[in-house]
J.: 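Provided herewith is a single structure, encoded as structure tokens, for subsequent inquiry.
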Amino acid sequence: MSSYLINISAVLTSVTVLFLYETGGMAAHNAFFVAAAILVAYTGYQLVQREGMRLVDALRAVVSNPASYPRQTAYWAYVLSASIGLLVVGQTLVVAIA
């Protein structure tokens, strides 16, 4: 049950940050740090689930091996959350540089 909550929370929080950032409800610096924190924490959670594996193998499994997840929805939740997080981080960096 807790993995469902973690997956749903990561996706909903990522979508909320993206929505708030795109509509101007959240400043760029806040969106950057929240998106980066979600990305780091959720990736860390996925790595902990693969405890005992070499780091390179665990990262490869997290990113590109849906069979390493207990359910397909968990894999797609990670992909969606990470994609949104990277999108927000990238956009905020472009805004900061420009």
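Predicted, not measured: the structure shown is a model, and the values here were computed from it. All residue numbers refer to positions in the sequence shown, counting from 1.
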J.: Ignoring hydrogens and angles, tell me if any N or O in the side chain of Tyr42 forms a donor-acceptor pair with the backbone of Val11 under 3.5 Å.
T.: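 No; judged by distance alone, with no hydrogens or angles, the pair does not exist.
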J.: Atom OH of Tyr4 and atom CZ of Arg71: how far apart are they, to the nearest 0.5 Å?
T.: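 Taking OH in Tyr4 and CZ in Arg71, the distance rounds to 4.0 Å.
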J.: Hey, could you give me the CG/CD distance between Leu87 and Glu22, rounded to the nearest 0.5 Å?
T.: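 The CD atom of Glu22 is 6.5 Å from CG of Leu87, to the nearest 0.5 Å.
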J.: Check whether Trp76 and Val62 end up in the same hydrophobic cluster, where Ile, Leu, Val, Met, Phe, Trp and Tyr are linked by side-chain heavy atoms less than 4.5 Å apart.
T.: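 Same cluster: Trp76 reaches Val62 through Ile, Leu, Val, Met, Phe, Trp or Tyr contacts under 4.5 Å.
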J.: Any donor and acceptor pair, going by atom type alone, linking the side chain of Asn30 with main-chain N or O of Met26 inside 3.5 Å?
T.: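 No; judged by distance alone, with no hydrogens or angles, the pair does not exist.
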J.: If every non-hydrogen atom of Ala58 is compared with every non-hydrogen atom of Leu47, which pair is closest and at what distance?
T.: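 Looking at all heavy atoms of both residues, the closest pair is CB-CD2, 3.8 Å.
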J.: Between Ser64 and Ala61 (side chain of the first, backbone of the second, donor and acceptor by atom type, cut-off under 3.5 Å), is there such a pair?
T.: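 No: the side chain of Ser64 does not pair with the backbone of Ala61.
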J.: On a heavy-atom basis, which atom in Ile38 and which in Ser14 lie closest, and how many Å separate them?
T.: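 Heavy atoms of Ile38 and Ser14 come nearest at CG2-OG, 3.5 Å.
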J.: Could you tell me if the side chain of Val34 sits less than 4.5 Å from the side chain of Leu20, heavy atoms only?
T.: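 No, too far: nothing below the 4.5 Å cut-off.
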J.: How long is the straight-line distance from CZ of Arg60 back to CZ of Arg54, given to the nearest 0.5 Å?
T.: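 Nearest 0.5 Å value for the CZ-CZ distance: 8.0 Å.
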J.: Indicate the atoms forming the closest heavy-atom contact of Ala35 with Val88, along with that distance.
T.: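 For Ala35 versus Val88, the nearest heavy atoms are CB-CG1, 3.8 Å.
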J.: Without swapping roles, check the side chain of Ser68 against the backbone of Asn65 for a donor-acceptor pair under 3.5 Å.
T.: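 A pair under 3.5 Å: yes.
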J.: Hey, quick one: are Val15 and Leu12 part of the same hydrophobic cluster, counting side-chain heavy atoms closer than 4.5 Å, chains of contacts allowed?
T.: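 In one cluster: no.
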J.: How far does OG of Ser83 sit from OH of Tyr78, to the nearest 0.5 angstrom?
T.: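 Atom-to-atom, Ser83:OG and Tyr78:OH are 9.0 Å apart.
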J.: When you group the ILVMFWY residues by side-chain heavy-atom contacts below 4.5 Å and let the links chain together, are Val48 and Leu55 in the same group?
T.: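 No, Leu55 does not connect to Val48 through the hydrophobic network.
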J.: Determine whether Ile6 and Tyr75 fall in the same hydrophobic cluster, where Ile, Leu, Val, Met, Phe, Trp and Tyr are linked whenever their side-chain heavy atoms lie under 4.5 Å apart.
T.: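 Yes, same cluster.
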J.: Group every Ile, Leu, Val, Met, Phe, Trp and Tyr by side-chain heavy-atom contacts under 4.5 Å, then state whether Leu39 and Tyr45 land in the same group.
T.: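 Unlinked, Leu39 and Tyr45 end up in two clusters.
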J.: For the CD1 atom of Ile8 and the OG1 atom of Thr73, what is their distance to the nearest 0.5 Å?
T.: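 The distance works out to 8.5 Å.
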J.: Flag the pair Tyr21 / Thr92 as yes when at least one side-chain heavy-atom distance between them is below 4.5 Å, and no otherwise.
T.: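 Yes, their side chains come closer than 4.5 Å.
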J.: In Å and rounded to the nearest 0.5 Å, what is the CG to OH distance from Asn7 to Tyr69?
T.: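 Output value for this atom pair is 9.0 Å.
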